[in-house]
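These notes are about the structure you will find just below.
Just so it is clear: chains get the letters A, B, ... in the order the sequence lines come, proteins before strands, and each one is counted from 1. Note that the structure is a prediction, hence the values are computed from the model and not measured.
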Number of protein chains: 2
Amino acid sequence: MAAELRRPERTFTIRQLCVEFKVTPRALRFYEDKGLLSPAREGLNRVYNHRDRARLTLILRGKRVGLSLAEIREILDLYKVEDGGATQNAKSLRKFRERIVALEAQREDIEHALSELRGACERLEAHLAKARPDLLVETGGPQVPPQRVRLDGLQTATAK
Amino acid sequence: MAAELRRPERTFTIRQLCVEFKVTPRALRFYEDKGLLSPAREGLNRVYNHRDRARLTLILRGKRVGLSLAEIREILDLYKVEDGGATQNAKSLRKFRERIVALEAQREDIEHALSELRGACERLEAHLAKARPDLLVETGGPQVPPQRVRLDGLQTATAK
DNA sequence: GCGGCCGTTGACGTGAACGTCAACGTCAAC
DNA sequence: GTTGACGTTGACGTTCACGTCAACGGCCGC
């Protein structure tokens, strides 16, 4: 039955991951080239398991927050040695903390940018309200959330 | 007296801005090439005023949050027409709102990444505490804040 | 047996954001 | 008067993150 497909043994073809995450096969192979992914092989074909998929999630999030692939790899490697030697772990800890500080700084930047944009928005709204209230539209329609595609026909926890 | 230097009439050479913001002259010229900056000239030499400097602040923040120069330019141009025609303003408003939504999504990503990193940190700390408590260092020393350099010898509001 | 679709491996191309270098002008200091 | 710091304009080089394309293999349906 379908529940089978959710079990961790589930594997994915390259295209399945591509469709789900909206990336190209080229990109996945590129990440592999750079050591960010290393899916199993079935003959020549790549076979991704749930761990590869999780890594991909991290990779893409890393990209979205502006990290380079090299930086992302560094972080992933830190996880890898999470059970390695103690000295290594101490170094990893330092690097993790550096990342955290950097991300917090970036969040600050985003807050700044947001409040500036919001300010501009309000000024524009006020201006338009006086000049051409007819052009004033509310915040924005239904805005279909960029629902990620599942290839296995399963819903993403649509509450029973 | 020195207060003169803080007044808005104050101008900057390319190198002064470069040192203050830690960018290269090449970068500033590049931004100019792309229409992000347009300093006055004194003969051939570029002369930046306080508005140029403010724009540069925005540009660099935009970069730090992951925007491309083209996107940054778009935003700056939106400000430019903030007092233009009403139809234009309505369009600008939509674009601003789009940006805000995107930035909020990015902030979400950052929160996610942060909590993952923090989790990893805690696991590492716990592990180290058991294995080699001697290697456990507190969050991090004085950490000289990346104080931006002022060339005019002024302090950045160091509270009297 | 062959047309499609999926997959593979090179290899080359591309756009963004600069870096680097050459060749030149200008002005103050020595 | 020449050295050196600062400025200018090209023009070419480089890195990153892929896109694109060629050439090939495997398998399914007809």
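Rounded to a whole Å, the CG atom of B/Leu37 is 12 Å from the P atom of C/dC18. Atom CG of B/Leu56 and atom P of C/dC18 are 11 Å apart (whole Å).
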Summary of protein contacts for nucleotides 7-17 of chain D, nucleotide by nucleotide, where a base hit scores B, a sugar-phosphate-only hit scores S (4.0 Å, heavy atoms): SBB-------B

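Consecutive Watson-Crick or G-U pairing (both distances under 3.5 Å) extending over three or more pairs maps onto DNA chain C as C:1-30 with D:1-30.
Of the possible polar contacts, one joining the B/Gln16 side chain to the B/Thr13 backbone as a donor-acceptor pair under 3.5 Å is found. A donor-acceptor pair under 3.5 Å links the side-chain atoms of B/Asp52 to the main chain of B/Asn49, judged by distance alone.
Between B/Arg53 and B/Phe21 the shortest side-chain heavy-atom distance falls below 4.5 Å. At least one side-chain heavy atom of B/Glu116 sits less than 4.5 Å from a side-chain heavy atom of A/Tyr79. Under the 4.5 Å side-chain criterion, counting only non-hydrogen atoms from C-beta, B/Lys63 is not in contact with B/Leu67.
Put simply, A/Thr24 has a side-chain N or O that comes within less than 4.0 Å of OP1 or OP2 on D/dG19.
Applying the side chain to side chain donor-acceptor pair (under 3.5 Å) definition to pairs two or more places apart or across chains, those involving residues 23-39 of chain B are B/Glu32-B/Arg41, B/Glu32-B/Arg46.
With hydrogens and angles left out, the side-chain atoms of B/His112 and A/Arg61 include a donor and acceptor closer than 3.5 Å.
Interatomic distance, B/Glu122 CD to B/Leu117 CG, rounded to the nearest 0.5 Å: 11.5 Å.
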